[in-house]
Number of protein chains: 2
Amino acid sequence: MRRQEAEALILSAAEKVFAEAGFGGATMQLIADMAGLPKANLHYYFPTKETLYRQVVQNIFQIWLQAADIFDQADGPAEGIGAYIDAKMEISRRHPEGSKVWAAEVMHGAPVIQDYLETTLTEWTNGRISVIERWISEGRMDPIDPRHLLYMLWATTQHYADFGHQIETLNGDTALSDAQWNAAKSSVKGIILKGIGAKDHV
Amino acid sequence: MRRQEAEALILSAAEKVFAEAGFGGATMQLIADMAGLPKANLHYYFPTKETLYRQVVQNIFQIWLQAADIFDQADGPAEGIGAYIDAKMEISRRHPEGSKVWAAEVMHGAPVIQDYLETTLTEWTNGRISVIERWISEGRMDPIDPRHLLYMLWATTQHYADFGHQIETLNGDTALSDAQWNAAKSSVKGIILKGIGAKDHV
DNA sequence: TCTGAACTTGACCATACGGTCAGGATGGCC
DNA sequence: GGCCATCCTGACCGTATGGTCAAGTTCAGA
């Protein structure tokens with residue numbers, strides 16, 4: 001097996017196990033079993049449990065950042081924020097494990113990715129705040145505090161991944177259907193875009 | 001020390017440690033140190049780690065349910081949902097540890113409190129859905145899918161506890177001030193209440 | 001075919017953890 | 001004071017875990 005394949009296999013297994021059990025609850029043996037490899041092999045590619053975990057979290061952060069580019073390419077708040085919500089909802093649907101690992105990491109005080117929060121995330125956030133402030137000054141949306149708007153976007157979209165189990169339970173122990181995911185998306189978009197008074201066509 | 005005092009002391013310490021380290025990462029020794037008691041004493045009051053954890057989660061759920069009563073006592077959506085947001089934001093501020101433990105528990109598939117999700121939470125949710133549907137039929141708010149509105153309320157308010165560390169980092173490594181908490185509350189309330197077209201005075 | 005670097009793995013080790021227990025302290029009550 | 005139930009705790013134990021290692025296996029390239 002090539003190095004790349006092996007690492008991808010292990011990372012995928014690790015993401016699942018870390019998401020389900022947390023860093024402390026996850027064991028290298030569990031990850032090894034899920035990847036179908038002997039435990040010692042994991043340590044060949046990733047020297048320590050923490051190395052492996054760090055890599056998992058970094059991968060998630062990358063996906064997360066990519067989706068965020070949509071924000072800038074947009075012409076106005078309805079389009080930009082709408083597309084951003086769609087993108088983040090799609091990530092919540094396709095990569096719920098990653099979202100959970102990220103959430104757990106932050107909840108525990110970000111011991112591993114604190115530097116990312118202080119550099120990349122801070123810069124990205126400030127950039128987006130500028131965009132929102134411009135939209136506001138152009139009268140294309142209400143004068144909302146951009147920070148709290150961003151928090152709301154993160155919270156609502158990631159909730160569908162992080163609290164997916166609760167949502168499924170309340171949905172009669174059934175995963176959301178395509179139609180229900182669409183309903184979720186349009187509910188979130190509808191409420192937020194109306195709530196901030198987004199006007200793309202002034 | 002009375003039984004009640006000792007248990008309260010241990011539960012408080014346990015809540016903190018479970019929130020910071022997760023169930024798997026928490027150790028009885030850590031909890032004991034934080035409570036200022038020898039480890040063996042913890043096992044006198046709580047036979048196993050899981051017993052202790054279960055008790056912590058149940059306590060959180062109780063607080064959570066109490067705050068939810070506000071919903072019904074209200075006259076209309078703006079008042080009811082507004083008060084509910086205030087109450088949940090206040091819990092996020094005062095009991096961030098509890099919120100984190102709850103979030104982690106749900107993220108890991110609710111191994112300990114699944115029965116609560118299926119009984120109490122389901123009933124509470126259905127009750128609130130009825131209230132919201134009544135408000136809609138009375139024309140006091142837009143025809144929103146009540147479920148997704150509830151998810152949005154939970155997500156946005158709990159985000160300030162669960163992702164408090166991230167928010168503090170983006171706030172220049174400073175805890176939110178009173179003014180900032182008020183800004184957060186009114187931002188959330190403003191966007192959501194406008195977003196659902198809440199009209200208490202038709 | 002030979003060589004060596006990359007890869008694989010069963011067996012092993014030190015440690016840390018949840019949990020036990022026996023013996024002792026405490027304090028209310030007669 | 002004497003008795004008893006409750007409470008407290010240092011020392012201990014079995015186990016599971018992260019990590020190591022030495023002995024292989026594989027395979028590309030000379």
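Naming convention: chains lettered A, B, ... in sequence-line order (proteins, then strands); numbering from 1 in each chain.
Within the model, atoms CE of A:Met141 and CG of A:Leu193 stand 9.5 Å from one another, a figure rounded to the nearest 0.5 Å. Here the straight-line distance linking atom CG of A:Leu9 with atom CD of A:Glu5 works out to 9.0 Å at 0.5 Å rounding.
The CG atom of A:Leu9 sits 11 Å away from the P atom of C:dT8 (whole-angstrom rounding). Here C:dT8 presents its C1' atom at 10 Å from CG of A:Leu37, a figure rounded to the nearest Å. When the C1' atom of D:dG18 is taken as reference, atom CG of A:Leu52 falls 12 Å away, rounded to whole Å. If you measure from atom NZ of B:Lys49 to atom P of C:dG18, you get 5 Å, rounded to the nearest angstrom. The separation between B:Ile10 atom CD1 and D:dC7 atom P is 11 Å, rounded to whole Å. Remark: P of D:dT6 and NE2 of B:His43 are 21 Å apart, rounded to the nearest angstrom.
Only A:Ala26, A:Thr27, A:Met28, listed by number, bring a heavy atom of residues 22-29 of chain A to less than 4.0 angstrom from any atom of DNA chain D.
With a 4.5 Å cut-off on side-chain heavy atoms, A:Ile91 and A:Gln66 do not count as touching.
Residue pairs meeting the side-chain hydrogen bond (donor to acceptor under 3.5 Å, both in side chains) criterion with at least one partner in residues 16-38 of chain B, sequence neighbours excluded, are B:Gln29-B:Asp33.
With C:dG19, C:dT20, D:dC8 as the choices, the nucleotide that has an atom nearest any side-chain atom of B:Ala40 turns out to be C:dT20. Of the candidates D:dG18, C:dG10, D:dC8, the closest approach to any side-chain atom of A:Pro38 belongs to C:dG10.
Side chain of B:Gln180 to backbone of B:Ser177: a donor-acceptor contact under 3.5 angstrom is found.
Remark: A:Tyr44 is in phosphate contact with C:dC7, judged by side-chain N or O atoms under 4.0 Å from OP1 or OP2. Considering only side-chain N and O atoms, A:Arg3 lies under 4.0 angstrom from the phosphate OP1 or OP2 of C:dC7. In terms of phosphate contacts, A:Tyr45 brings a side-chain nitrogen or oxygen within less than 4.0 Å of OP1 or OP2 of C:dT8.
Residue B:Lys39 places a side-chain atom within donor-acceptor reach of the base of C:dG18, judged by atom type and a 3.5 Å distance cut-off alone.
A:Trp64 has its ring centre less than 6.0 Å from the ring centre of A:Trp124.
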